[in-house]
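Structure first, then comments.
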Amino acid sequence: MRIVKQLMAIPGVVAAGEYAYRGDRFSYEGALTDEFARMASILCRANTLSVNMQSEIFDSFAENIGCRPVQGWIVRGSQITICAVGNYFAFIENRDELLNDVMTIMRAKVGDVQDDLLVNLYARLGGDTKEALY
Amino acid sequence: MNLEKMMDLPGALAAFTYSDKGDLQSHVLREGTELTPQVLDLLAHSCVANQAIASMEARGWEALTGQGGFEPLKGFSMVGLEWSVVVDGNCGVVVKNRDADYEATFNALQAG
């Protein structure tokens, strides 16, 4: 939760959280209810799995082009942006320089994971890394 | 959309446009990059799909939670290990993560 606290200290970060890749646990801070945070965790997990699957397809067309493992994704809304890196997410306001700051922190703290991102994160939870992820 | 102008964005490796279905229409690649038109075409297809999914999720989120500020979406980005693809509408830019200015890229795509 240290990263979540660090993110929440930045003005303009509405909410931030961490979710388990198995989808059964989550924690958060900020302007979300428990139910909204649960939904956000499921949404982020699903999208992260989806972009990881896509990156495997890219890799089959051109190996080692710098895409895998995917670190995360960003959805830019009209006033709110959702950033997801690894198994962390942040809802932030669209303020000048905030997106770059948040992405820098998130990538520095949880990004740049070598080898297979999903297996790596899954292993940290103590799950069976051979278990089907999709 | 002026792709040459997009290539002036920090860390830009490629800029491209695509149809509503995701077919690559035009592109510019930085010399020396390992990206190929074939990869850009795949990226474009995935970005169309991801934008559609994100729109669906934003609409659902707003309806379920009553929270606003998501729609209309202003873009989507997939952050890879070394580069990110940033898209909005029918145009995308691939930027090197180390040099990426996500805000400037989203703003340029929106202005374009």
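Residue numbers start from 1 in every chain, and the chains themselves are labelled A, B, ... in the order their sequence lines are given, proteins ahead of strands.
The CZ atom of A:Phe58 sits 11.0 Å away from the OG1 atom of B:Thr36 when rounded to the nearest 0.5 Å. For the atom pair CD1 of A:Ile80 and NZ of B:Lys74, the computed distance is 12.0 Å after rounding to the nearest 0.5 Å. A:Ile65 contributes atom CD1, which lies 11.0 Å from atom CG of B:Leu13 (distance to the nearest 0.5 angstrom).
Side-chain atoms of A:Ile82 and B:Phe70, non-hydrogen and from C-beta on, do get closer than 4.5 Å to each other. Two residues are said to be in side-chain contact when any heavy atoms from C-beta on lie closer than 4.5 Å; B:Leu81 and A:Arg68 fail this criterion. Contact annotation: the side chain of B:Gln67 approaches that of A:Leu32 to within less than 4.5 Å [non-hydrogen atoms, C-beta and beyond].
Counting heavy-atom pairs closer than 4.5 Å to chain A, the top residue among B:Val85, B:Asn107, B:Val94, B:Asp101 is B:Asp101. The most heavy-atom pairs under 4.5 Å with chain B, out of A:Thr81, A:Asn94, A:Val75, A:Ile57, come from A:Val75. Between chain B and the residues A:Ala84, A:Ser78, A:Gly77, the largest count of heavy-atom pairs under 4.5 Å involves A:Ser78.
Environment of CG in B:Asp8: crowded, with over 12 heavy atoms of neighbouring residues, nucleotides or ligands closer than 6.0 Å.
Here the closest non-hydrogen pair linking A:Arg95 and B:Glu103 is O-OE2, 3.3 Å. B:Tyr102 and A:Asn100 get closest at one heavy-atom pair: N-OD1, 2.8 Å.
Both the backbone and the side chain of B:Phe76 have a heavy atom closer than 4.5 Å to some heavy atom of chain A. With a 4.5 angstrom heavy-atom cutoff, A:Ala40 touches chain B via backbone and side-chain atoms both.
Remark: the backbone N or O of B:Val79 is not paired with any side-chain donor or acceptor of A:Gln71 at under 3.5 angstrom.
Residues of residues 46-66 of chain B that come closer than 4.5 Å to chain A, counting heavy atoms only, are B:Ser46, B:Asn50, B:Ile53, B:Ala54, B:Glu57, B:Trp61, B:Leu64, B:Thr65, ordered by residue number.
The ring-ring contact (aromatic ring centres under 6.0 Å, His included) check on B:Tyr18 picks up B:Phe16, with sequence neighbours excluded.
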